[in-house]
Number of protein chains: 2
Amino acid sequence: MARKSTDRSGRPTLVDVAKEAGVSAITVSRTIRSPEIVSAAARQKVEAAIRKLGYTPDPAASALASHSTSTIGLLVPSLTNNVFSDVLRGVYDGVEGTRYFVQIGNYRYSALEEEGLIRNFLSQRPAGLVISSMDQTPAARALLESAPCPVVQIMEIADRAVDMSVGFDQLAAVRAGARHLFDCGYRRPGFLSARMDPRAQRRLAAFRDFNEAAGVLDDRRIMTTPQPSSVGMGRLLMEQLLSRAPETDAVMCNNDDLAVGALMEAKRRNIPVPSMLGICSFNDIEMVRQMVPSLTAVASPRREIGVRAIAMLLAEIAEPGSVADRHVDLGYQMIARESTSRR
Amino acid sequence: MARKSTDRSGRPTLVDVAKEAGVSAITVSRTIRSPEIVSAAARQKVEAAIRKLGYTPDPAASALASHSTSTIGLLVPSLTNNVFSDVLRGVYDGVEGTRYFVQIGNYRYSALEEEGLIRNFLSQRPAGLVISSMDQTPAARALLESAPCPVVQIMEIADRAVDMSVGFDQLAAVRAGARHLFDCGYRRPGFLSARMDPRAQRRLAAFRDFNEAAGVLDDRRIMTTPQPSSVGMGRLLMEQLLSRAPETDAVMCNNDDLAVGALMEAKRRNIPVPSMLGICSFNDIEMVRQMVPSLTAVASPRREIGVRAIAMLLAEIAEPGSVADRHVDLGYQMIARESTSRR
DNA sequence: TTGAAAGCGCTAACAA
DNA sequence: TTGTTAGCGCTTTCAA
């Protein structure tokens, strides 16, 4: 008997705090969650007791009783991709100082794994979900549509978002890059892309469309691979491109890694950039502008996407339906640097 | 009344499954957690019922009743640092397919924030903890020492680890780099380091010790900054180094970003690498070997550290005290490439 | 503004 | 091998 409260693991409970403060357990609970509805006198007694006992709430008990946790689930397709490490940073900056935690799920560019992770997250009663794709399986979409928590889809702007979304117009961004190459006078542009997930496919399509309209499309200059993106892959694709289409005078790279690789391969072959070869990158991680020559890039607002996604989620958690702008376009930037400045 | 089970959110509970299968709740619980101790007949009925109802266990209830979760806490000092993104990848590869989840805490190179995160994680009854540093506050150390779960400290090998550790000998690794520069004939080596956390300080000390013994130390050639590491910072430090000590004929960089930056700065100034300037990097992320010229580096087993840390944790969770090698040295590799090959 | 009672959905401990 | 009983530590009613 008497194995009530302060016994197991010596950790104090709400009841211990209540006894110490001479109030009921629920008053302690309220003092923690919404201090404003508790009288100042009670609050002070409770706060003193909490401090004295070193009380920390048990999130499991809270989750069980309230049917919700402080966990925000974040689904990303990859952990190695630099793009997502910036988004991640934004997300963590966004939850900093709040009572929320982020749990990352990596679905490795597999829609099926993504579906499993969504199911899994949902069973944990998350406070909210951030999802990096628009291309779920029908089952996954159905799960999200009936999710008991807010959901933000990130990276793209799209009408097909389930609940909220924040990103930028990926296709317009690619077109801006293609147009930039054209405007710089390059007339035999190529395209390099790894990891051909649906988003990469769409970007390639946008590149083709623009160049076709401009009368400079040649599919021989489009080099892709399903393998992951890396600097080494950029070198390899560049090498293949140049052997297949030696006339190529510019490349649009679907990713910063590839662009750096393309630059290195050009350097190895003593092909002068930008005079003989123009290079335009996509995303614009820090290293890109430090290259010599510095690389022109279409910059994506990766960190901001993360920060904003969390802000939207938190607002919606605090007051469901309160977020007015449910689909936010953060824009992109065309940043011209040395790698395309022929004039 | 009758608001028992399948009502709130329509989600089925253990009791629903038990009724459907015609067994007791605890039998369902056992079927899920340790199927081998349940009769085949019961197991099949339960499994069918689970499938029929689409039952998913509630982790909060489980955590409350059992006093432990499936969460593995991972504390990292930074999310931008490439080094940790590889460790992260290893960690996620390690938990892949297990019932465990990873929750990342970013303490931003602050021992105080780290202490707060440890406290926070511990209040969530984690299954295990992975910590990226050896330099906790005394309070944080005390928390870890009395943690009710296994703890693995990663990156370094050190006798002062609280419970288990996996990493490599950081000081020997730096000495290997310094020796390599010396062996290549460089006699006026410099050192570049950003983010002077305790680990970076120790590596710098190792560099000084080696060069002092070799008779080639000059503190004017040591350039450091408390700011974060980046390619741009590498360029800046290199620039400062060259203007302060123009005689410098080699640099050991405390981080891959810095080494790439140093290479770019050399390129901009038309300083030939490796003939006039040798460069040795530390960690060896993919991009390093794709540079032109390729960069010599001391390679750290980052992904392996993550994988191994999880393996040790899981083994220890499954059977406390079962991990025999509690302090694992995964070694480093000195990889000579073009950036130091003068001969 | 405060409290009492009744669970949330699961598992530990014991008994059969 | 299976079941019964009694909570885990909190929050949700509802009442005062």
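Residue numbers start from 1 in every chain, and the chains themselves are labelled A, B, ... in the order their sequence lines are given, proteins ahead of strands. All values derive from a computational prediction rather than experimental measurement.
For A/V38, counting side-chain heavy atoms from C-beta on, the closest listed nucleotide (C/dA12, C/dG9, C/dT2) is C/dT2.
Here the side chain of B/E20 pairs no donor or acceptor atom with the backbone of B/I50 at under 3.5 angstrom. Judged by distance alone, with hydrogens and angles left aside, the side-chain atoms of B/E316 form a donor-acceptor pair with the main-chain N or O of B/G321 at under 3.5 Å.
Proximity of B/R11 to the phosphate of C/dC10: no side-chain N or O atom is located under 4.0 Å from OP1 or OP2. The phosphate of D/dT11 (OP1 or OP2) has a side-chain N or O of A/S29 nearer than 4.0 angstrom.
For B/H67 and D/dA6, the NE2 to P distance is 18 Å, given to the nearest whole Å. Summarising the geometry, the separation between CG on B/D16 and C1' on C/dC8 is reported as 13 Å, rounded to the nearest angstrom. For A/R33 and C/dT1, the CZ to P distance is 16 Å, given to the nearest whole Å. At whole-Å resolution of the value, NZ in A/K19 and P in C/dA4 are 13 Å apart. Regarding A/E36, its CD atom lies at a distance of 13 Å from the C1' atom of C/dT1, rounded to whole Å. Distance B/I32 CD1 to C/dG9 P: 14 Å, rounded to the nearest Å.
At least one side-chain heavy atom of B/I104 sits under 4.5 Å from a side-chain heavy atom of B/L88. Counting heavy atoms from C-beta outward, A/V151 and A/I131 have side chains that approach closer than 4.5 Å.
Nearer to the 5' terminus of DNA chain D, by closest-nucleotide assignment, is the contact made by B/S39 (compared with the other of B/S39 and B/S66).
Donor-acceptor pairing under 3.5 Å is lacking for the side chains of A/R125 and A/S68. There is a side-chain donor-acceptor pair under 3.5 Å between B/S133 and B/E114. One side chain, A/T137 or A/E115, offers a donor N or O that lies under 3.5 Å from an acceptor on the other.
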Between A/R99 and A/S70, is the side-chain hydrogen bond (donor to acceptor under 3.5 Å, both in side chains) condition met? List the steps.
CA-CA 7 Å; A/R99 65 184 200 85; A/S70 299; 2.4 Å; yes
Go through the steps to decide whether A/R33 and A/S29 satisfy the test side-chain hydrogen bond (donor to acceptor under 3.5 Å, both in side chains), and finish with yes or no.
CA-CA 6 Å; A/R33 289 177 302 153; A/S29 174; 3.0 Å; yes
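The OG atom of A/S165 sits 6.5 Å away from atom CE of A/M312, with the distance rounded to the nearest 0.5 Å.
For B/R308, the CZ atom is loosely surrounded, since the number of other residues' heavy atoms within 6.0 Å does not exceed 12.
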Are there any protein N/O atoms within less than 3.5 Å of an N/O atom in nucleotides 3-5 of chain D, and if so, which ones and at what distance?
{"from": "D/dG3", "atom 1": "OP2", "to": "B/S24", "atom 2": "N", "distance (Å)": "3.1"}
{"from": "D/dG3", "atom 1": "OP2", "to": "B/S24", "atom 2": "OG", "distance (Å)": "3.1"}
{"from": "D/dG3", "atom 1": "OP2", "to": "B/T27", "atom 2": "OG1", "distance (Å)": "2.6"}
{"from": "D/dG3", "atom 1": "N7", "to": "B/R30", "atom 2": "NH2", "distance (Å)": "2.7"}
{"from": "D/dG3", "atom 1": "O6", "to": "B/R30", "atom 2": "NH2", "distance (Å)": "3.4"}

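Within residues 42-51 of chain A, no residue has any heavy atom under 4.0 Å from DNA chain D. Heavy-atom distances under 4.0 Å link DNA chain C to A/L64, A/A65 of residues 55-65 of chain A, given in residue order.
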